[in-house]
There are 2 protein chains.
Amino acid sequence: MAHTEAMTQIFHATGRRLTSQRRLLLEVLTERDDHLDAEAIYALAKKRDPNISLATVYRTLKVLKEVGVVQERILDREGQRHHYELTTEAHYHFTCLKCGRVIEFESALIEQASDELAKRLQLDVVHARVHLDGYCPDCR
Amino acid sequence: MAHTEAMTQIFHATGRRLTSQRRLLLEVLTERDDHLDAEAIYALAKKRDPNISLATVYRTLKVLKEVGVVQERILDREGQRHHYELTTEAHYHFTCLKCGRVIEFESALIEQASDELAKRLQLDVVHARVHLDGYCPDCR
DNA sequence: GTCACTGCAAACGCTTTGCAATCGT
DNA sequence: ACGATTGCAAAGCGTTTGCAGTGAC
């Protein structure tokens, strides 16, 4: 995603405007698809547009979430801060309790589990957040 | 758990003190094992001890987390607030995106997935947070 | 008697919001 | 030109902390 074309359409269709700030933030997110937090995104964006504000970062992330382009996660050990990443294939995260490192992974079994539960409990499951905590190979 | 006996020992062994406030908070958590947030726990505790402070609730929850008696979760749609529940058998949560209802469930498949990943990625998995979002039977 | 713990109020960190100016359409 | 979006600064909200007093051991 994040092609300017596709974006233009999505934005236009929903009565939103594609400003230079939004374009820039999409660029940043595309280049470093790295579950960044708002502060980090702000820092990267500021390098190219020193006038951009943190408020705009938050407001844009909100819009991008609404439009489905980014997803919000909570990855830090304290659960105090939100992280954002472009919506891609389903994947999950592991956080090392010692060094704080975040490892991404995919898992067919998790999708199976989700399907099984949807059936069993009659839920319409839109999204599965799976997050493992523990010790990474270096810290265990 | 949360038997006063066992608690007394855990607290004593770690050089902590079992105060009336801590006993009260344990009671509240035991009676309503309902993934409450700090404010709700505070409200319930205040009914029996009007002098208890919110700071003590937070500090006690921190201690109980360290000791392993409670676990912290993030269950609200905004991810802004922490919820606490006594540590029992592994179970997970589903949040309805429309009505906000939280449904608990267990799943052997999720435990399998966690084991598989631990092996595959050489992780020491201490804890799996699994959280589904979607629409409950009433809202779908 | 010690020192962990408490209540209070102030501070914290991340996120949101009101407002006047700006810029996409 | 209209109104969605911006930057700024101030406010919001859940959580944490400094401090003097208290109570568990």
Side-chain angles (χ1 to χ4, degrees), chain A residues 4-5 7-26 28 35-43 45-46 48-67 69-84 100, chain B residues 4-5 7-26 28 35-43 45-46 48-67 69-70 72-84:
Chain A
T4 311
E5 280 181 56
M7 279 288 89
T8 309
Q9 290 188 21
I10 294 177
F11 273 58
H12 187 256
T14 50
R16 294 175 221 267
R17 292 172 186 180
L18 195 49
T19 63
S20 63
Q21 291 90 336
R22 288 180 178 178
R23 234 187 303 266
L24 170 54
L25 290 169
L26 274 168
V28 167
H35 46 255
L36 303 162
D37 62 22
E39 204 74 41
I41 294 167
Y42 175 54
K46 207 162 188 176
R48 301 191 211 164
D49 175 1
N51 285 324
I52 198 168
S53 76
L54 187 53
T56 294
V57 172
Y58 276 109
R59 282 190 278 229
T60 300
L61 287 169
K62 185 161 186 268
V63 169
L64 294 177
K65 256 191 297 173
E66 286 167 8
V67 169
V69 173
V70 309
Q71 295 197 315
E72 192 177 56
R73 311 237 179 266
I74 295 165
L75 299 174
D76 60 314
R77 280 165 287 182
E78 295 73 27
Q80 229 89 266
R81 174 186 298 250
H82 296 164
H83 297 249
Y84 303 87
Chain B
T4 310
E5 279 182 57
M7 279 288 90
T8 309
Q9 289 187 23
I10 295 177
F11 274 58
H12 187 255
T14 51
R16 294 175 221 269
R17 292 172 186 181
L18 194 50
T19 64
S20 63
Q21 291 90 336
R22 289 180 176 179
R23 234 187 304 265
L24 170 54
L25 290 169
L26 274 167
V28 167
H35 45 254
L36 303 162
D37 63 22
E39 203 75 41
I41 294 168
Y42 175 53
K46 206 162 188 175
R48 301 190 212 165
D49 174 2
N51 285 324
I52 198 168
S53 76
L54 187 53
T56 293
V57 172
Y58 277 110
R59 281 190 278 231
T60 301
L61 288 169
K62 185 162 186 268
V63 168
L64 294 177
K65 255 191 298 175
E66 286 167 9
V67 169
V69 174
V70 308
E72 192 178 56
R73 311 237 179 264
I74 295 165
L75 297 176
D76 60 316
R77 280 165 287 183
E78 296 73 27
Q80 228 89 265
R81 173 186 297 251
H82 296 164
H83 298 250
Y84 303 87

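So you know, we letter chains A, B, ... as the sequences are listed, proteins then strands, and number each from 1. Everything numeric in this text was worked out from a predicted model, so none of it was measured.
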Residue set satisfying side-chain hydrogen bond (donor to acceptor under 3.5 Å, both in side chains) with B/His83, at least two apart, ordered chain then number -> none
Residue pairs passing the salt bridge (Lys or Arg N to Asp or Glu O under 4.0 Å) test with at least one member in residues 7-17 of chain B, sequence neighbours excluded, are B/Arg16-B/Glu66
Rounded to the nearest 0.5 angstrom, the CG-CZ distance for B/Leu54 and B/Arg59 is 10.0 Å
Rounded to the nearest 0.5 angstrom, the CD1-CD distance for A/Ile41 and A/Glu39 is 10.5 Å
- Query: For B/Glu39, which contact category applies under a 4.0 Å heavy-atom criterion: base, sugar-phosphate, or nothing?
  - Reply: nothing
Students often get this wrong, so: under 4.0 angstrom with heavy atoms, is B/Asp37 touching a base, only sugar-phosphate, or nothing?
nothing
In whole angstroms, the gap separating P of C/dT16 from NZ of A/Lys65 amounts to 6 Å
From CG of B/Leu61 across to P of C/dT6 the rounded distance in Å is 11 Å
For A/Leu18 and A/Arg23 the tightest heavy-atom approach is O-NH2, 3.4 Å
DNA chain D: first to last nucleotide in contact with chain A (atom under 4.0 angstrom from a heavy atom), 5' to 3', is D/dG3 to D/dC8
Of B/Ile74, B/Asp37, B/Leu75, the one forming a side-chain contact (heavy atoms from CB on, under 4.5 Å) with B/Arg81 is B/Asp37
Paired runs of 3 or more consecutive Watson-Crick or G-U pairs involving DNA chain C, with both pairing distances under 3.5 Å, are C:1-25 with D:1-25
Assert: residue with more 5' nearest nucleotide on DNA chain D, out of A/Asp49 and B/Tyr84, is A/Asp49
Comparing nearest nucleotides in DNA chain D, the 5'-proximal residue of the pair B/Leu54, B/Gln21 is B/Leu54
B/Lys46 meets the salt bridge (charged side-chain N to carboxylate O under 4.0 Å, His left out) criterion, sequence neighbours left out, with none
Check for a donor-acceptor pair, side chain of B/His82 on one end and backbone N or O of A/Gly79 on the other, with a separation under 3.5 Å.
yes
- Task: Determine yes or no for a side-chain-to-main-chain donor-acceptor pair under 3.5 angstrom, with B/Thr14 supplying the side chain and B/Phe11 the backbone.
- Result: yes
Quick tally for nucleotides 17-25 of chain C: nucleotides whose base has a protein heavy atom under 4.0 Å get B, sugar-phosphate-only ones S, the rest -, giving BB-----BS
| said: Does any part of the side chain of A/Thr56, heavy atoms only, come nearer than 4.5 Å to the side chain of A/Thr19, both counted from C-beta? | reply: no
Exercise. Please examine the side chains of B/Ile10 and B/Met7, heavy atoms only from C-beta on, and report whether any two atoms are closer than 4.5 Å.
Key: yes
